[in-house]
Amino acid sequence: MSRRETEVPDAEAWPLVKWLWINYLNPYKWRVAIAFALMALEGSMMGLLAYTLKPMFDKIFVGGEVDAMKWVALAIMAIFVVRGVSSLVQKRIMTYVGQISTAQMRRDLLAHVMSLDSAFHNNHPPGHMITRVQGDVVGIGSVWRSFILGVGRDIISVFSLTAVAISIDWRWTLIALVGAPLLMAPIYWVQRFVRQQTKRQRDLSSDITVRMDEIFHGINQIKLNALEGYQHRRYMTLQDESIALSLQTQLGKAMIPLLVDLITGIGFVGVLYFAGGEIISGGKTVGEFMSFFTAMLLVFEPIRRLSGLAGSWQAFATKLERVKHLFDTTPTIVSVPDARTSPPPRPDVRIEAVSLAYGELPVLRRTSFTAEAGKTTALVGPSGAGKSTVFNVITRLIDPDEGRVLIGGVPAEEIDLATLRNMFAVVTQESLLFDETLRENITLGREDVPEEELARVLEAAHVDDFVANMPKGLDSDVGARGTLLSGGQRQRVAIARALLRDAPILLLDEATSALDVKSESVVQEALDKLSKGRTTLVIAHRLSTVRDADKIVVLNQGEVIEQGTHEELLAAGGAYAELYNTQFGSDIETLQESSPA
Ligand code: ADP
């Protein structure tokens, strides 16, 4: 997979956290504060526990004071109850905040990604976007929740336990912790390593999602070309790479606790060496030693966890960075600030000296023509001539490098984007059907469509011809991308949709794939009804369409080389006449056969 996303710049972690806080956590600041207070309570209970061991040993086990047993036991019980309850409550709070804030982030991210230009989406396959919106955000939520929880509690534990240790003997404490600074360099190194690995891991999981997305979308092509083995091998290669990376990352993360263990061992031996002598000589009590020892035993566990978190922190920062980067990507196709929100009254379309290149490849070269209001303009030309690109420029899926598009005399960028897009109904052979019911695919979420209007549209689009045969009528599912319908049926659904939309300008891309003669004539009739009275631009593949068009625009390599009516262009004997003879020649018989005249 070539489009790796490692080009996301390395960002400082703190600004990222600040961004996360301001945008998503600030509304819950009181809950977070309470959770922190409870965390502090939970953490300090560890220090208290270590501290109570001193009277336990000195008064009960060594001093034999039976009375003391009661309150020491009570104190220990209380410590555990407080610890347990505060842990439960703060986990509950943080889980809530985590869920709510990540859900919000996901909603925002989805809306933002949908607002980005088509050019962005062409360069970022759906699989990558799915990983970003789903995987990364969930990852952020779960990491930050456990991260903040763990860090808060563990830092307080370390402080309270160290305080207990120092209160007993600061020299012992120093000896026990003498190795800690040695950890700095390796921790820094491991952090960097884990960060790099995590990044690659995320790229890889995006690639895996892309692969699966492509496999499931193209399943029939894969079967027909017997590509199962090939696809499977490609998937396995990615998966093997992912496993290897995961193992390396885990090993990297596990290195830190190992180092902590080594340093702990050295500290313990050192303390035993010094403290043993002092206890024997009577300088310290057994209770003091036990209390110190327990504090030290307990302190290394949170330290170990904290140092292990360095790895999670990196993973977290990487995901956060990617999501933030995506949020920072802004759409370039926007309308001017005070754009008009009412459609221009006259729905004609004029393209003026439009030039456009994809990278180095010029696709439109000073293309100019007008599609008159209420008339049909046919675009013809060889494949790759730029016909679909013209549609994309008119609807502002892409903006031209030079020249402009005028709708009813108004430059397209001066019309609010939603208003502009509402002026068009687009019917292509690839019209997207959603995995919903037939009714939902036609109404597209509008709930106010009167039944009579729906019935009229269904009839005009010849959808009712086949609705009757569907198991649940209009409420039957059409399958993912409409796979449960035939090609002709899908087109008729798209036509019904466009009829209901009742937009003044119609963009039609005629099917190149042959429908059977009957479906073809039904679809054609529905299309004729649809285009009646609308400004229609059609990428024409059928002779009947070009012949009946009010104007024909012939495109070649992005240039308009001829325009006029069928008769005019034939008489001129130029490119259209030639195209007519080669491309449409074979159509004539079909047309004559099916033509009633
Ligand atoms: P037509 O509809 O006339 O067949 P198109 O408008 O689809 O032609 O394409 C014109 C040219 O632009 C083709 O050479 C095609 O390869 C190129 N093209 C189309 N879309 C893109 C894109 N997103 N990125 C790069 N090149 C593209």
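Along the sequence shown, the residues carry numbers beginning at 1. Whatever order the structure lists ligands and atoms in, that order sets their numbers, starting from 1.
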Query raised in the report: Below 4.5 Å, heavy atoms only, C-beta onward: do R446 and L500 meet side chain to side chain?
Result: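 In short, these two side chains touch, coming nearer than 4.5 Å.
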Requested in this report: Side-chain contact test, heavy atoms from C-beta onward, threshold under 4.5 Å: evaluate it for L485 versus L438 and give yes or no.
Outcome: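 Contact flag for L485/L438 side chains = yes.
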Report task. Determine the minimum heavy-atom distance between I394 and L537, stating which atoms define it. Result ->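 Smallest heavy-atom distance, with atoms named: CD1-CD1, 4.1 Å.
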Query raised in the report: What class does the angle between the rings of H566 and Y580 fall in, given that below 30° is parallel, 30 to 60° is tilted and above 60° is perpendicular?
Result: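 Rings of H566 and Y580: perpendicular, as their planes differ by over 60°.
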Report task. Check the angle between the aromatic planes of W19 and Y24 and answer parallel, tilted or perpendicular using the 30° and 60° thresholds. Result ->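 Answer is perpendicular, since the angle exceeds 60°.
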Report task. Go through D240 and R233 one step at a time and tell me if the salt bridge (Lys or Arg N to Asp or Glu O under 4.0 Å) criterion holds. Result -> CA-CA 10 Å; D240 287 348; R233 277 194 302 281; over 6 Å; no
Write out each pair where an N or O from ligand 1 and one from the protein are under 3.5 Å apart, with the distance.
residue, atom, partner, partner atom, Å
ligand 1, 2 (O), S388, N, 2.9
ligand 1, 2 (O), S388, OG, 2.6
ligand 1, 3 (O), A385, N, 3.1
ligand 1, 3 (O), G386, N, 2.9
ligand 1, 3 (O), K387, N, 2.8
ligand 1, 3 (O), K387, NZ, 3.0
ligand 1, 4 (O), G384, N, 2.7
ligand 1, 6 (O), S388, N, 3.4
ligand 1, 6 (O), T389, N, 2.9
ligand 1, 6 (O), T389, OG1, 2.5
ligand 1, 8 (O), G386, N, 3.2
ligand 1, 23 (N), N122, ND2, 3.3

